[in-house]
Protein chains: 2
Amino acid sequence: MTKESDALCATEKEIMHATHRALVNSGYAALSISRIADELDKAKSTIYHYYDSKDALLLQFLRFTVDRFEATINTSIGDDPKEDLNHIIRTLLPSQLTEEKRQLYCVLVTLSPQALERAIFREQFTEIDTRLATIIEKTVRRGVEADVFRDVDPTHAAEHILATIKGTMYGRLTTNREAATAAAKASLFSYIDSHLVS
Amino acid sequence: MTKESDALCATEKEIMHATHRALVNSGYAALSISRIADELDKAKSTIYHYYDSKDALLLQFLRFTVDRFEATINTSIGDDPKEDLNHIIRTLLPSQLTEEKRQLYCVLVTLSPQALERAIFREQFTEIDTRLATIIEKTVRRGVEADVFRDVDPTHAAEHILATIKGTMYGRLTTNREAATAAAKASLFSYIDSHLVS
DNA sequence: GTCTATACTAAGATAGAC
DNA sequence: GTCTATCTTAGTATAGAC
């Protein structure tokens, strides 16, 4: 399984990382080719050698970021569906968010408003969610078929769990409600324990 | 209970509505004073008569939008906690999103990345969530105390429900996964029915 | 493939007339 | 309170040398 971003040449990768830094340090509104060049050890015009326009660069950068995010989803399938679900939740909502993960999530939140209107951005966010939903759904389905879980609709339950994870992460990044993350996580575990487990 | 935006003069309100239109029609990156003036029946410099800077305008606009969002939260408290919860969910996740609500939610999604770094934006998003969480928590607590609900932690359950609502809405706005909204909602109702109700 | 230099455009913001 | 006109800065993008 080759990621598209593996096909990038060294300089293109440097540009992607510079864009990441510029976005994290200065936000979307201030993201300009000049600002990216500042984070890069190259001149502005070098960026135009690789990308026709700022828009083309941004599109590639979203692809680059989505690939990196998807690489962090550790799809280790064990033999205990409940433990697998808990593992997924702990991976996506770690108690301690590493700086690297925090930045990755921040970039996705920063780019997400583009998905409101631009189809090509929307499709990438759709891809992420479909991927996550599929992983969770398969795990729930295995649990239901193994009679470890109640006879719930795996699709419905998976979308519920995914929405809760996303809403929790989103709140964690955009509010000061530190206790909310732990509370939502606790209730999600309890839901799996009492509602899902038969 | 007076909203801060009630204190705005007629022209300021016009500017707020013009900003809303500019943001909805052209997105955050293209949001400029010139662009707002285009949506307004006034010159650019008139805007500077009311606001010292673009930043001051944006801050006021977030306040204006948060007030409008909070006005849509119909806190009708009935005598049936379960029905009240369902009502809250149906209000925040209506089956048919009116164009007006869709725009309001889109504006919040568009402004939310600002909350990642700017404390003053962050506080407003914190306010929204705290308000919603409190409403849900009170409802759950009433249900627990009336023995209609199981003896769950009202805070934990409320944060779970809120996160699910937010994640569902966020996905609805930023992806093409139309079925996901209905699935998450169905599972949330089922959670209330089977897990919360005793 | 990377640089310097530059054309062009649009932005934020202000001055001053009415 | 609203206008026209303007200053200044910064952006996107290109041309052409090395």
Side-chain angles (χ1 to χ4, degrees), chain A residues 4-64 107 110-111 113-114 117-118 120-121, chain B residues 4-64 107 110-111 113-114 117-118 120-121:
Chain A
E4 290 182 37
S5 31
D6 289 344
L8 302 182
C9 77
T11 308
E12 279 174 304
K13 279 184 189 162
E14 280 175 47
I15 294 172
M16 291 294 101
H17 286 290
T19 304
H20 175 94
R21 283 192 298 275
L23 204 50
V24 168
N25 293 332
S26 310
Y28 188 83
L31 187 68
S32 65
I33 301 288
S34 311
R35 184 72 192 73
I36 294 169
D38 288 347
E39 295 282 348
L40 189 71
D41 201 21
K42 300 266 158 58
K44 247 184 359 174
S45 56
T46 302
I47 296 174
Y48 282 102
H49 176 78
Y50 292 94
Y51 300 96
D52 285 346
S53 64
K54 182 185 174 182
D55 203 67
L57 186 155
L58 243 59
L59 209 59
Q60 170 90 85
F61 178 67
L62 175 60
R63 187 65 254 173
F64 173 78
V107 169
T110 301
L111 295 177
Q114 304 298 315
E117 288 297 335
R118 299 197 55 193
I120 205 152
F121 276 77
Chain B
E4 290 184 37
S5 32
D6 289 343
L8 302 182
C9 80
T11 309
E12 280 175 304
K13 279 184 189 160
E14 280 175 48
I15 294 172
M16 291 295 102
H17 287 290
T19 305
H20 175 94
R21 284 193 298 276
L23 203 50
V24 168
N25 294 331
S26 309
Y28 188 83
L31 186 68
S32 64
I33 300 289
S34 313
R35 184 72 192 72
I36 294 170
D38 289 346
E39 295 282 348
L40 190 69
D41 200 22
K42 300 265 158 58
K44 235 173 33 158
S45 57
T46 302
I47 295 174
Y48 281 102
H49 177 78
Y50 292 94
Y51 301 96
D52 285 346
S53 64
K54 182 185 175 183
D55 203 66
L57 187 155
L58 244 58
L59 210 59
Q60 171 91 84
F61 178 67
L62 175 60
R63 187 65 255 173
F64 173 78
V107 169
T110 302
L111 294 177
Q114 304 299 315
E117 287 298 334
R118 299 197 54 195
I120 205 152
F121 276 78

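Computed from a prediction, not measured in an experiment: that's the story for all the values here. Convention: sequence-line order gives letters A, B, ...; per-chain numbering from 1.
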**Message:** So if I apply the side-chain contact (heavy atoms from CB on, under 4.5 Å) rule between A:F61 and each of A:I15, A:T19, A:I36, which one comes out positive?
**Reply:** A:T19
**Request:** Please examine the side chains of B:Y28 and B:L58, heavy atoms only from C-beta on, and report whether any two atoms are closer than 4.5 Å.
**Result:** yes
**Request:** For A:H49 and D:dT14, give me the distance from atom NE2 to atom C1', rounded to whole Å.
**Result:** 14 Å
**Request:** With the side chain counted from C-beta on, respond yes when B:R118 and B:D55 share a heavy-atom pair under 4.5 Å apart, and no when they do not.
**Result:** yes
**Message:** Just verifying a value: how many Å separate A:L31 CG and A:L23 CG, rounded to the nearest 0.5 Å?
**Reply:** 5.5 Å
**Asked** When you measure from the side chain of B:Q114 to the backbone N and O of B:L111, does any donor-acceptor pair fall under 3.5 Å?
**Response** no
**Prompt:** Going from CD1 on A:I47 to CD on A:E14, what distance comes out if it is rounded to the nearest 0.5 angstrom?
**Reply:** 11.0 Å
**Message:** Using whole Å, what does the distance between atom P of nucleotide D:dG11 and atom CZ of B:R35 come to?
**Reply:** 21 Å
**Request:** Anything under 4.0 Å to a heavy atom of chain B counts; send over the first and last such nucleotide of DNA chain C, read 5' to 3'.
**Result:** C:dA11 to C:dA15
**Asked** Looking for any heavy atom pair under 4.0 Å, which part of the strands does B:D55 touch: base, sugar-phosphate only, or nothing?
**Response** nothing
**Prompt:** How many Å lie between OH on A:Y50 and P on D:dT14, as a whole number?
**Reply:** 17 Å
**Message:** Using 0.5 Å steps for rounding, measure from the CZ atom of B:R21 to the NE2 atom of B:H17.
**Reply:** 8.0 Å
**Request:** Could you tell me the separation between the CG atom of B:D38 and the CD1 atom of B:I33, rounded to the nearest 0.5 Å?
**Result:** 11.5 Å
**Message:** Just N and O in the side chain of A:Y48: are any of them under 4.0 Å from OP1 or OP2 of D:dA13?
**Reply:** yes
**Asked** Which of residues 27-34 of chain A sit near DNA chain C, with a heavy atom under 4.0 Å from it?
**Response** none
